[in-house]
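Comments concern the structure below.
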Amino acid sequence: MTHTKQFIIMDAPFEKEGFLHIVLDCGKVLSYQSELHIQTGYTMENKVQFCLLGWAFQADKDRLDPVEEVRNLSEKQSLEELLDTWSGRWLLIYGQQIYMDACGLLGCFYTETGIVSSSLGCLDDALGRRYRNPRLSHGFGLDYYPGMDTVYADTRRLLPSQTYDFIQKKCGKRSLTSEHFQLQNDEQRIDEIIECFETILKNLERTYPGKIMLPLTGGYDSRTMMALLEHSKIQYSAFTMEHENISNLDQEAPLKLVELTGREYQYIRREGKRNRKSLQAYDRHCSGMAMDEDRNFFAYDQYPHGEENIAILRAGVWESAYYTIYKWVDKSGFNVEKYKKKYVNIRWRRDMQTSLEHYFSYVQENPQELKWPVRFYREQRVGCWLSSVEQSLTLIPNVDSLQLCNCGCILGLLSGISPELLEGKKHEVKIIQKTCPKLLQVTLQNKENKFRKNSSIEMLKKDITYLKNCWNRLDGMGKIKEPLRYIKKKIWRDK
């Protein structure tokens, strides 16, 4: 394995090809793969004081770039307050402490012995342990391994509400709520979100050494991102990746949108067969901790890439404030039985149940001023699932996948918007109206046009895949009971 764009911190250098090493002020050694973007700062004694890994962009127009803010940090300033306005996918090592980005997209795992890494694969190599497959499948129950545990008994995932001290070998607390903006109403919050994005996008264009591309569909999130790019007068191009369930709207709307804006665009077809080696590389890079359609996009080599660096602006964090199962999570609370009932793999896998139990206990012991469904989405759906997806996407040569909504102050503003405006993504429509209203001339996604209808043969294939997953992904009697339950439901439904 190449461990592209990964890092590990331990007592000695990580002796793998392509890794560089920095001795930190505390004596530990940071080893990082050479393609990982890194910026450093030094003490008066010329020792490494901090390392900023990944890409961070300032959201506050009156503040310095992130790396300059840390270099100029005074004793009176709060480091966590500075981090609140940083967007992107990044991780900060300051002294002996680790701070992750707002949702933990540049993920971090730590062992009982205090070894820290963005990669379970790096930890496997460092500890000489065998790879353990989490046995997940896209569309089959929960398609990521829930934090805070992992498939290894001695290794845990760091959560966005935690910091980690790798000398003391213990976690600290970090607030998920932002008090950077104290605003009175939704109108002010929407305006501030627009201003933050304009600042971020201009800083991205100024500091990133490459071009900017937008994955475009018929949905709200990418449309909102497009409106913000247009409003900020940023040079970019757009693309759409074909997949087997793509709707007519997702094929037609992007073409109409780029005609309105005059942007370059490409529709990337899915051709040939999935590359088996690419699938294996994707799975091993994130240690199989998440499954998603991005795995297929990677295996079909659909993501655009070439000699020039590309920042791909993805939009997977926008739903943090309100999402499809928001009300269900709110009602389910910390009752593992509810999650067992909803997710087939949790129902039959004790390890996943235990991880959720540990997480629920942690949340109850460490409450925050954040609605439970919002916290669950940020720490589980984004901090676990999306974090692992983003990790595997670092394999794409010369590409940086960036989620610019991944910013503490923006997430704070979104969380403050009234539920009535958040439901149905009406707040995103408002943003589009204020920034680039002509984009609303093209139909937006809804329940009727979101998904393509499957044929009978496709439905049969899905049924067979589900039954295979029951045998391969479940434990104990689940291998037998779940297929029988599924067949019974299927027969009843068809009647």
Ile310, Ile312, Val399 screened by side chain to side chain contact (heavy atoms under 4.5 Å, CB included) with Tyr303, the one that passes
Ile312
For Tyr282, give me all partners under ring pair (Phe, Tyr, Trp, His ring centres under 6.0 Å), at least two apart in sequence or on another chain.
Phe298
Specify whether Trp86 and Trp90 have parallel, tilted or perpendicular ring planes, treating 30° as the upper limit for parallel and 60° as the lower limit for perpendicular.
perpendicular
Passes salt bridge (charged side-chain N to carboxylate O under 4.0 Å, His left out), Arg381 versus Asp143? Steps please.
CA-CA 10 Å; Arg381 187 64 177 167; Asp143 49 10; 3.1 Å; yes
Would you tabulate the side-chain donor-acceptor contacts of residues 11-25 under 3.5 Å, counting partners in other chains and residues two or more places apart, or write 'none'?
{"unit_1": "Asp11", "atom_1": "OD1", "unit_2": "Lys28", "atom_2": "NZ", "d": "2.7"}
{"unit_1": "His21", "atom_1": "ND1", "unit_2": "Ser31", "atom_2": "OG", "d": "2.8"}

Name all residues meeting the ring pair (Phe, Tyr, Trp, His ring centres under 6.0 Å) criterion together with Trp318; count only those two or more places apart in sequence or in a different chain, and write none if there are none.
Phe197
What I want to find out is whether Lys169 reaches Glu112 closely enough, with some N-O distance under 4.0 Å, to be called a salt bridge.
no
Counting N and O atoms only, with roles assigned by atom type, does the side chain of Gln6 sit under 3.5 Å from a partner on the main chain of Ser117, one being a donor and the other an acceptor?
no
How would you list, by chain and number, every residue that makes a ring pair (Phe, Tyr, Trp, His ring centres under 6.0 Å) with Tyr94, sequence neighbours excluded?
none
Check against side-chain contact (heavy atoms from CB on, under 4.5 Å), Ser387 and Arg157
CA-CA 11 Å; Ser387 177; Arg157 184 193 282 272; 3.6 Å; yes
Using the test salt bridge (Lys or Arg N to Asp or Glu O under 4.0 Å), find all partners of Asp330 that sit at least two apart in sequence or belong to another chain.
none
Which is it for Asn296 and His138 under the side chain to side chain donor-acceptor pair (under 3.5 Å) test, yes or no, and what are the steps along the way?
CA-CA 10 Å; Asn296 290 322; His138 181 42; over 6 Å; no
Spell out, as yes or no, whether a donor-acceptor pair under 3.5 Å connects the side chain of Gln58 to the backbone of Asp60.
yes
Check: Trp372 ring centre within less than 6.0 Å of Phe334 ring centre
yes
Heavy-atom count check: over 12 atoms from other residues, nucleotides or ligands less than 6.0 Å from Arg276 CZ?
no
For the backbone of Lys277 and the side chain of Asn275, can you confirm whether one donor and one acceptor N or O come within less than 3.5 Å of each other?
yes
Taking atom types as modelled, find out whether Glu390 and Gln403 have a side-chain donor-acceptor pair closer than 3.5 angstrom.
yes
Is any side-chain heavy atom of Trp348 closer than 4.5 Å to one of Arg473?
no
Tell me if the CH2 atom of Trp328 is crowded by more than 12 foreign heavy atoms within 6.0 Å.
yes
Taking the ring centre of each residue, are Tyr131 and Tyr152 less than 6.0 Å apart?
no
Here's a test for you: under side-chain hydrogen bond (donor to acceptor under 3.5 Å, both in side chains), which of Asn472, Asp475, Asn345 qualifies with Arg135?
Asp475
Between Gln302 (side chain) and Glu242 (backbone), is there a donor-acceptor pair under 3.5 Å?
yes
Excluding sequence neighbours, so at least two apart, what forms side-chain hydrogen bond (donor to acceptor under 3.5 Å, both in side chains) with Ser332?
none
Applying side-chain contact (heavy atoms from CB on, under 4.5 Å), run through Leu92 and Leu83 and close with a yes or a no.
CA-CA 9 Å; Leu92 177 67; Leu83 308 182; 3.9 Å; yes
